[in-house]
Q: 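My questions all concern the structure below.
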Amino acid sequence: MKIKTALLASALTTAAAVAQAQEVTVMSWGGAYTKSQVEAYHKPFTAETGIKIVSVDADNPATPIKAQVEAGNVTIDVADVEFSDAVRLCDEGLLEEIDVSILPAAPDGTPAEDDFIEGALQDCAVANIVWSTVFAYNTENVSSAPASIADFFDTTKIPGKRGLRKSAKATLEMALMADGVPAAEVYDILDTEEGVDRAFAVLDKIKDDIVWWEAGAQPPQLLADGEVVMSTAYNGRIFNAAVAESQPLEVVWDGQILDFDLFVVPKGAPNKEAALDFIAYSTDTQRLADQASWISYGPARKSSGSLVGLFSDGKTEMAPHMPTAEANLGNALVNNFEFWVDKDTELNERFNAWLAN
């Protein structure tokens, strides 16, 4: 009887493990971005594998990862995080390493490590999109259209409130570019005390006119409601509001800051193997191109580019709306993740102190 009981218990444990593996929890940023992932990745992955995807969102998925791993209570299997957070979390031992051999080759046989854009593959992370922080305006709420990042910080030329992300990252870089620093020199300048002072001096000029945002869904709403005349934003959020929701919003690409978002697996993820299967599936050539039909973020694989076509409305060409389109790169800055891994704490402490004064 004891043997039968033990065998039964073992069988039930095995069955529970198998059942558990039929579910993967994926954390992302919400809104149009999560929708693009659900349509391009989650639904087809479930259809082909039978594994259910539980989709959850956070203002910044890096924050719960750190909290869960350090508490030893991990419920997230896959998370979508920004570049500097992926590197930092990996360095802190909070993520599982990802072997690039699990990633499928391009359709022409090019190995994944040669097909992904430079920098898209890290020890603990695989990029899925190239996105950017831009600024945008509501065409119905400005008397003259802004054309440059300098216009964003010039409330004399174009009066009104400005929306800015409540974070040092991107905010300080944009302030320096508005002050005439060439994109290629921004991080060299920002790496000095004088450069940091210069960026905050630019922010001082508009401090009383700033409306701070923290979640990606806020800038389009601030613009639509007329609470601000311009706002920094994630380019895909503005595209969705303008094209899918027919709001009178326009992107200004001057001074955009390009970045990656990457998939990571928290250390101790309950469904690690299924999580890795999801990442491999979701970052193949076709899936990344499919996501670009739902939101204007560029695919992280070179082979996906030629497959990007129309928006899901069946009529809007996506290529011109990509941050990587040649016409949009005239004064673009690529986020220096190494800089922010080193300087994030220091600069955000300075930023928070500035906010409090």
Q: Is there a path of hydrophobic side-chain contacts, each under 4.5 Å between heavy atoms, that joins Ile76 and Phe263?
A: no
Q: Please examine the side chains of Asp85 and Asn60, heavy atoms only from C-beta on, and report whether any two atoms are closer than 4.5 Å.
A: yes
Q: Rounded to the nearest 0.5 Å, what's the gap from CE on Met174 to OG1 on Thr232? Could you check?
A: 6.0 Å
Q: Taking only Lys NZ, Arg NE, NH1 and NH2, and the carboxylate oxygens of Asp or Glu, determine whether Arg165 and Glu82 approach each other closer than 4.0 Å.
A: yes
Q: What residues, two or more places apart in sequence or in another chain, satisfy side-chain hydrogen bond (donor to acceptor under 3.5 Å, both in side chains) together with Trp340?
A: Glu173
Q: So which atom in Ile65 and which in Leu94 form the shortest heavy-atom distance, rounded to 0.1 Å?
A: CG2-O, 4.3 Å
Q: Check Pro299 against Ala292 and note the closest heavy-atom contact, atom names and distance.
A: CG-CB, 4.3 Å
Q: Under a 4.5 Å cut-off applied to non-hydrogen side-chain atoms, are Tyr137 and Ile158 in contact?
A: no
Q: Please collect all salt bridge (Lys or Arg N to Asp or Glu O under 4.0 Å) contacts where either partner lies in residues 48-64, sequence neighbours excluded, each pair once.
A: none
Q: According to a hydrophobic-cluster definition based on side-chain heavy atoms being under 4.5 Å apart (Ile, Leu, Val, Met, Phe, Trp, Tyr only), do Met322 and Val134 belong together?
A: no
Q: Under the salt bridge (charged side-chain N to carboxylate O under 4.0 Å, His left out) test, which residues partner Asp284, sequence neighbours left out?
A: Arg287
Q: Under a 4.5 Å cut-off applied to non-hydrogen side-chain atoms, are Thr49 and Tyr281 in contact?
A: no
Q: Start with the C-alpha gap between Asp344 and Arg88, add the side-chain angles, then the distance that decides, and say whether salt bridge (Lys or Arg N to Asp or Glu O under 4.0 Å) holds.
A: CA-CA 10 Å; Asp344 187 85; Arg88 176 178 54 82; 5.3 Å; no
Q: Side-chain atoms of residues 307-320: list all donor-acceptor pairs with protein atoms under 3.5 Å, sequence neighbours left out, distances to 0.1 Å.
A:
{"from": "Asp313", "atom 1": "OD1", "to": "Lys315", "atom 2": "N", "distance (Å)": "2.9"}
{"from": "Asp313", "atom 1": "OD1", "to": "Thr316", "atom 2": "N", "distance (Å)": "3.0"}
{"from": "Asp313", "atom 1": "OD2", "to": "Thr316", "atom 2": "OG1", "distance (Å)": "2.6"}

Q: Just to verify, what does Ser303 make a side-chain hydrogen bond (donor to acceptor under 3.5 Å, both in side chains) with, not counting sequence neighbours?
A: Asp115, Thr285
Q: How long is the straight-line distance from OG1 of Thr156 back to CD1 of Ile206, given to the nearest 0.5 Å?
A: 11.5 Å
Q: Can you tell if the side chain of Gln256 reaches within under 4.5 Å of the side chain of Asn235, non-hydrogen atoms only?
A: no
Q: Using the ring of each side chain (for Trp, its six-membered ring), is Trp354 parallel, tilted or perpendicular to Phe200, with breaks at 30° and 60°?
A: tilted
Q: So how far is it from Lys267 NZ to Glu97 CD, rounded to the nearest 0.5 Å?
A: 7.0 Å
Q: At what distance, to the nearest 0.5 angstrom, does CZ of Arg301 lie from CG of Leu103?
A: 7.0 Å
Q: Tell me which one of Trp294, Trp131, Phe239, Tyr297 satisfies ring-ring contact (aromatic ring centres under 6.0 Å, His included) with His321.
A: Phe239
Q: For the residue pair Phe278 and Ile51, establish whether any side-chain heavy-atom pair is separated by less than 4.5 Å.
A: no
Q: Run the ring-centre check on Tyr234 versus Trp213 and record whether the distance is less than 6.0 Å.
A: yes
Q: When you check the gap from the basic side-chain N to the acidic O, do Asp154 and Arg162 get nearer than 4.0 Å?
A: no
Q: Got a second to check how far Leu223's CG is from Asn141's CG, nearest 0.5 Å?
A: 8.0 Å
Q: Indicate yes or no: does Lys43 engage Glu39 in a salt bridge with an N to O separation below 4.0 Å.
A: yes
Q: Might you point out which heavy atoms bring Cys90 and Leu95 nearest each other, and give the distance in Å?
A: N-CD1, 3.7 Å
Q: Are Leu249 and Asn138 close enough that some pair of their side-chain heavy atoms sits under 4.5 Å apart?
A: yes
Q: Please tell me if the side chains of Val130 and Phe260 come closer than 4.5 Å, counting only heavy atoms from C-beta onward.
A: yes
Q: Please tell me if the side chains of Lys166 and Leu355 come closer than 4.5 Å, counting only heavy atoms from C-beta onward.
A: yes
Q: Once rounded to the nearest 0.5 Å, what's the spacing between atom CE of Met230 and atom CG of Asp209?
A: 10.5 Å
Q: With sequence neighbours excluded, what pairs up with Asp77 under the salt bridge (charged side-chain N to carboxylate O under 4.0 Å, His left out) test?
A: none
